[in-house]
There are 2 protein chains.
Amino acid sequence: MLLRAAEVSCAENGARLTERRRQVLSVLMQSSSPLSAYEVLDLCNLSTTSAMPAMSVYRILDFLEQQLLVHRLSTSNKYVSCAHIACDHKHFQATHFLLCEGCSSVEEVDATQEASDALEQMAETVGFKLTTQQFELSGICTTCQNSAGRGL
Amino acid sequence: MLLRAAEVSCAENGARLTERRRQVLSVLMQSSSPLSAYEVLDLCNLSTTSAMPAMSVYRILDFLEQQLLVHRLSTSNKYVSCAHIACDHKHFQATHFLLCEGCSSVEEVDATQEASDALEQMAETVGFKLTTQQFELSGICTTCQNSAGRGL
DNA sequence: CATAATATGATATAAAGTATCATCTATGTT
DNA sequence: AACATAGATGATACTTTATATCATATTATG
Ligand SMILES: [Zn+2]
Ligand SMILES: [Zn+2]
Ligand SMILES: [Zn+2]
Ligand SMILES: [Zn+2]
């Protein structure tokens, strides 16, 4: 199970996946689209009796982000669970996110060498040396392309 | 003068560059780094006697953005004046922004064909069809690279 | 158990952004 | 000039988002 894998992943870093953290991560994993901190909060408070304060959500999201269990989308200030919690995938190279304008779904993809090179090159021409790159690209996913094509 | 060019540019779209709008644009043009809406507000209210309400700043920033006189950086929720107000440059292709982590300066550059192609290709492999692309790339500008190298 | 380190709760406050309606100003018409 | 209209700004209130701070609880460790 995904949560179990996340727990192991945390343990490897000497961190704990507590109940609250598990709850937040779970909410994100069950969402098909990115969620804001307050959206996460509301969803958490649907399921539990003891209401979680906003402060906790922010803290926990920071924690989960550090553990690479969730990613933060800076263009929208929202969070998504990592697509590679269960698998052995590591975030070696840059990670990009494809955001569907139709259904708000997100796809996490690794940067291709070509894309990284081309961007590095582009920056180079004005003397910039790139450090981090994480792109959030807007577009239309396969599903939405098909539905649109059939007039749905 | 830049403001004059901006005025002409507005007029071509049947819009007016009013005093308030000129004030906001002027603040952004004088800044070497991107400014948040409230930073713009504060700077505006330094120079004038009649305080501008926050609402106006948001409205005016929206207006200036539509006129392509300023650009909004979605990763930081800040604004920069367009680098091409005076020249005849048009925003034909995608525009990217290089953000220096050292001095917070911004460089507005046109997308290269190679970069656009590589990203499009990358998205293609998972069935995504990209729509807009405006990237905000972090890095180190020439000036900061040099100062760092000399231990300054 | 005692202690320290982590994690969470609770409360208050700050910052950012929006809604709404009133007022003013430019522009064009009679 | 008087009027009507659209566009722009002022003013106020409010919502949403995010942070600061200190108290309490939980967990690990000797
Ligand atoms: Zn990931
Ligand atoms: Zn879709
Ligand atoms: Zn521009
Ligand atoms: Zn620099």
Side-chain angles (χ1 to χ4, degrees), chain A residues 3 6-28 31 33-67 69-70 72-80, chain B residues 3 6-28 33-45 47-67 69-70 72-80:
Chain A
L3 284 174
E7 199 175 328
V8 171
S9 171
C10 281
E12 286 170 0
N13 303 331
R16 284 178 299 147
L17 190 66
T18 64
E19 189 50 40
R20 285 304 203 191
R21 289 169 175 172
R22 189 192 317 273
Q23 194 180 3
V24 167
L25 179 57
S26 175
V27 159
L28 280 172
S31 172
S33 52
L35 299 175
S36 73
Y38 275 85
E39 284 168 346
V40 169
L41 176 61
D42 291 342
L43 286 171
C44 283
N45 287 342
L46 278 184
S47 46
T48 21
T49 43
S50 61
M52 176 158 17
M55 194 60 242
S56 290
V57 175
Y58 281 101
R59 276 190 294 226
I60 290 173
L61 286 172
D62 283 350
F63 169 84
L64 293 174
E65 196 189 358
Q66 282 185 346
Q67 298 292 320
L69 294 173
V70 314
R72 183 193 154 163
L73 304 180
S74 57
T75 52
S76 56
N77 261 336
K78 296 192 173 184
Y79 298 82
V80 286
Chain B
L3 284 174
E7 199 174 328
V8 171
S9 171
C10 281
E12 286 170 359
N13 302 332
R16 281 179 300 147
L17 190 66
T18 64
E19 188 51 38
R20 284 305 203 190
R21 289 168 176 172
R22 189 190 320 270
Q23 194 180 3
V24 168
L25 179 57
S26 174
V27 160
L28 280 172
S33 53
L35 299 175
S36 72
Y38 274 84
E39 285 168 348
V40 169
L41 176 61
D42 291 343
L43 287 170
C44 282
N45 286 342
S47 47
T48 22
T49 43
S50 60
M52 178 158 15
M55 194 61 241
S56 289
V57 175
Y58 282 100
R59 275 190 295 227
I60 290 173
L61 287 172
D62 282 350
F63 169 84
L64 294 174
E65 198 190 356
Q66 283 186 346
Q67 298 292 319
L69 294 172
V70 315
R72 184 195 153 164
L73 304 180
S74 56
T75 51
S76 56
N77 261 336
K78 296 191 174 183
Y79 298 82
V80 286

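We name chains A, B, ... by the order of the sequence lines, and we start the count at 1 in each one.
Regarding contacts with the backbone of D/dG7, every side-chain N or O of B/T18 stays at 4.0 angstrom or more from both OP1 and OP2.
For the pair B/R22 CZ and D/dT9 P, the computed distance is 11 Å after rounding to whole Å. To the nearest angstrom, P of D/dT16 lies 12 Å from CG of A/L41.
Considering only residues two or more places apart in sequence or on other chains, A/T75 meets the side-chain contact (heavy atoms from CB on, under 4.5 Å) condition with A/L99, A/E136, B/S74, B/T75. Partners of B/A11 under the side-chain contact (heavy atoms from CB on, under 4.5 Å) rule, at least two apart in sequence or in another chain, do not exist in this structure. With sequence neighbours excluded, the residues satisfying salt bridge (Lys or Arg N to Asp or Glu O under 4.0 Å) with A/E7 are A/R4, A/R22. For B/R16, the side-chain contact (heavy atoms from CB on, under 4.5 Å) test picks out B/T18, with sequence neighbours left out. Listed by chain and number, the residues in a side chain to side chain donor-acceptor pair (under 3.5 Å) with A/S26 are A/Q30 (sequence neighbours excluded). By the side chain to side chain donor-acceptor pair (under 3.5 Å) test, B/D42 is found to be paired with no residue, residues two or more places apart in sequence or in another chain being considered.
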Where along nucleotides 17-30 of chain D does protein come under 4.0 Å, by heavy atom, of base (B) or sugar-phosphate alone (S), with - for untouched nucleotides? BBBBB-----SS--

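Of all nucleotides in DNA chain C, those with any atom nearer than 4.0 Å to a heavy atom of chain A start and finish, going 5' to 3', at C/dT6 to C/dA10.
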Please tabulate, one pair per line, all N/O donor-acceptor pairs under 3.5 Å involving side-chain atoms of residues 50-58 of chain A, not counting sequence neighbours.
residue: A/S50; atom: OG; partner: A/R20; partner atom: NH2; Å: 3.4

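With B/E39 contributing its side chain and B/S36 its backbone, the two residues share a donor-acceptor pair below 3.5 Å.
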